[in-house]
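Reading through the structure tokens given below for one structure.
Excluded from the calculations below are hydrogen atoms, water molecules and symmetry mates; all remaining heavy atoms, backbone and side chain alike, are included.
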Amino acid sequence: MPVATQAAIKGLTPQQVEALGVNLILNNTYHLNLRPGIEVLKEAGGAHKFQGLTVGPRVGEAMWRTVRWLDRCIEFHQSSGKDDVQNLFAIVQGGLDPDLRDQCLDEMIARKDKVAGYAIGGLSGGEEKEIFWRVIKQCADKLPEDRPRYSMGIGFAEDLLVCVALGVDMADCVFPTRTARFGVALTSNGPLNLRLSKHATDMSPIEAGCPCPTCASGTSRAILHHNITLETAAAHAITQHNLVFQARVMGGARDAIMNGTFPDYLKTFFAKFFGDAGYPEWCVNALRSVGVDLLEGRPDVKVNPGDYAKWEYSDAV
Ligand SMILES: [Zn+2]
């Protein structure tokens, strides 16, 4: 890769670089942050546009490939004789571009009678959370109400609940099982890093009242701390707990929606999960967009800007 530390290849214009057939260059975000600075880059619409480089046709090509792929899947699905035992979901793509998402939504919705549900793909790849929730909302607002919606790759509790509030029904993620193998148990008071020595003499379960086999059998934090790096059984025990935790978060949301108490469920969950650490600002903004104000009557709560998750700064690290 030719190096464009300061957003410019020395001695050549961007067009000359592209004309040479070079389609990969290296920028340095640290230097770009110093000069010209993030405000200028935002104003320009990103580093690529600032540099005068060609952007995003690849996302459009990929989106249309997804549509063609769906048509092939529908054709095979109908001719396979398995359409009564297997459900076909259309996956909405389009990256972070609202226009591409909209075009993709139109194409997918036009095939509604041939699919059992809709997935929202192309997210959870490190994009800004403020953009993430807006794409989810754009898709959820437009997708047919009589089809389940599945957001792909979502696993943090706050992400799950925001997605549900925006109109999503299902999600998948390796997070609860992967983090368990690293000794992190998920609880309604936030994540717990059982590798830390403060748990060495703690005889309480991961979470009191949790119905999972690990907590219900009285397995202590102390024994899990003792075993986590030695015995696969400890990772197994925490994995069981984490899967039950995720199911309880989503099951609680479902019950609250059925009972008409979902806004209260969200407020209670966030207050307990984040405690004094404060709420992620993007969650506050996303939930306000659907009429739930986490800060209502809570002037004491801190709001943290930027993209972070509780487990990143808590004792889970
Ligand atoms: Zn448990």
*His241 versus Cys215: any side-chain heavy-atom pair under 4.5 Å?*
yes
*Should Asp300 and Arg298 count as an ion pair when the cut-off is N to O under 4.0 Å?*
yes
*asked:* Taking Leu194's backbone N and O only, do any of them form a donor-acceptor pair with His225's side chain (distance below 3.5 Å, no angle check)?
replied: yes
*Can you check side chain to side chain contact (heavy atoms under 4.5 Å, CB included) on Tyr279 and Lys302, steps first, answer last?*
CA-CA 6 Å; Tyr279 299 164; Lys302 200 167 62 174; over 6 Å; no
*How about Cys139 and Leu105: do any of their side-chain heavy atoms sit closer than 4.5 Å?*
yes
*For the side chain of Glu158 and the backbone of Cys283, is there at least one donor-acceptor N/O pair under 3.5 Å apart?*
no
*Applying the 4.5 Å side-chain criterion to the ILVMFWY set and letting contacts propagate, would Leu295 and Val162 be lumped into a single cluster?*
yes
*Just by modelled atom types, is the Ala234 backbone N or O under 3.5 Å from a matching donor or acceptor in the Asn227 side chain?*
no
_side chain to side chain contact (heavy atoms under 4.5 Å, CB included) assessment of Tyr150 paired with Ile120_ = CA-CA 6 Å; Tyr150 155 36; Ile120 303 169; over 6 Å; no
_Quick one, Phe132 and Cys163 - any side-chain contact, counting heavy atoms below 4.5 Å?_
yes
*Using atom types as modelled and distance alone, determine if a side-chain donor or acceptor of Asp97 lies under 3.5 Å from a backbone N or O of Leu100.*
yes
_Surrounding NZ of Lys114 (heavy atoms of other residues, nucleotides or ligands, distance under 6.0 Å), is the total greater than 12?_
no
*Between Trp133 and Glu130, do the side chains contain an N or O donor and an N or O acceptor separated by less than 3.5 Å?*
yes
*Is the backbone of Pro176 close enough, under 3.5 Å, to the side chain of Thr179 for a donor and an acceptor to pair up by distance?*
no
*Does the side chain of Phe245 reach to within under 4.5 Å of the side chain of Pro191, using non-hydrogen atoms?*
no
*For Leu160 and Gln246, run side chain to side chain contact (heavy atoms under 4.5 Å, CB included): C-alpha distance rounded to whole Å, both residues' side-chain angles, the deciding distance at 0.1 Å, then the answer.*
CA-CA 9 Å; Leu160 289 171; Gln246 299 288 89; 3.8 Å; yes
*Is Thr177 close to Arg181 at the side-chain level, that is, under 4.5 Å between some pair of heavy atoms?*
yes
_Any non-hydrogen side-chain atom of Leu26 less than 4.5 Å from a side-chain atom of Pro2?_
no
*Evaluate the side-chain proximity of Phe89 to Met170: yes if any heavy-atom separation is below 4.5 Å, no if none is.*
yes
*Is the Phe156-Phe175 ring centre distance short of 6.0 angstrom?*
yes
_Over 12 foreign heavy atoms within 6.0 Å of CG, Asn259_ = yes
*Taking atom types as modelled, is there a side-chain donor on Asn189 or Thr187 under 3.5 Å from an acceptor on the other?*
no
*asked:* Measuring only between side-chain heavy atoms, which start at C-beta, is Ile25 closer than 4.5 Å to Met1?
replied: no
_Electrostatic pair Lys112-Asp146, nearest N-O below 4.0 angstrom_ = yes
*Work out which heavy atom in Cys173 is nearest to a heavy atom in Gly153; give both atom names and the distance.*
SG-O, 3.9 Å
_Cluster overlap Leu243 with Ile228, hydrophobic side-chain contacts below 4.5 Å_ = no
*Does the Asn27 side chain pair with the main chain of Thr5, one donor and one acceptor, at a distance under 3.5 Å?*
no
*Taking Gln138 for its side chain and Arg101 for its backbone only, find out whether a donor-acceptor pair lies under 3.5 Å.*
no
_Atom CE of residue position Met203 - does it have more than 12 heavy atoms of other residues, nucleotides or ligands inside 6.0 Å?_
yes
*Salt-bridge contact Glu296-Lys267 (side-chain N to carboxylate O under 4.0 Å)*: yes
_More than 12 heavy atoms of other residues, nucleotides or ligands under 6.0 Å from NE2 of His77: yes or no?_
yes
*Hey, is the main chain of Asp293 close enough, under 3.5 Å, to the side chain of Arg288 for a donor-acceptor pair?*
no
_Surrounding CD of Gln16 (heavy atoms of other residues, nucleotides or ligands, distance under 6.0 Å), is the total greater than 12?_
yes
*asked:* Test your reading of the model: is there a side-chain donor-acceptor pair from Arg195 to the backbone of Gly183, 3.5 Å cut-off?
replied: no
*asked:* As a quick check of understanding, evaluate side chain to side chain contact (heavy atoms under 4.5 Å, CB included) for Lys142 and Asp102, giving each step before the final call.
replied: CA-CA 9 Å; Lys142 195 163 178 174; Asp102 211 45; 2.9 Å; yes
*Thr261 side chain to Asp264 backbone, donor-acceptor under 3.5 Å*: no
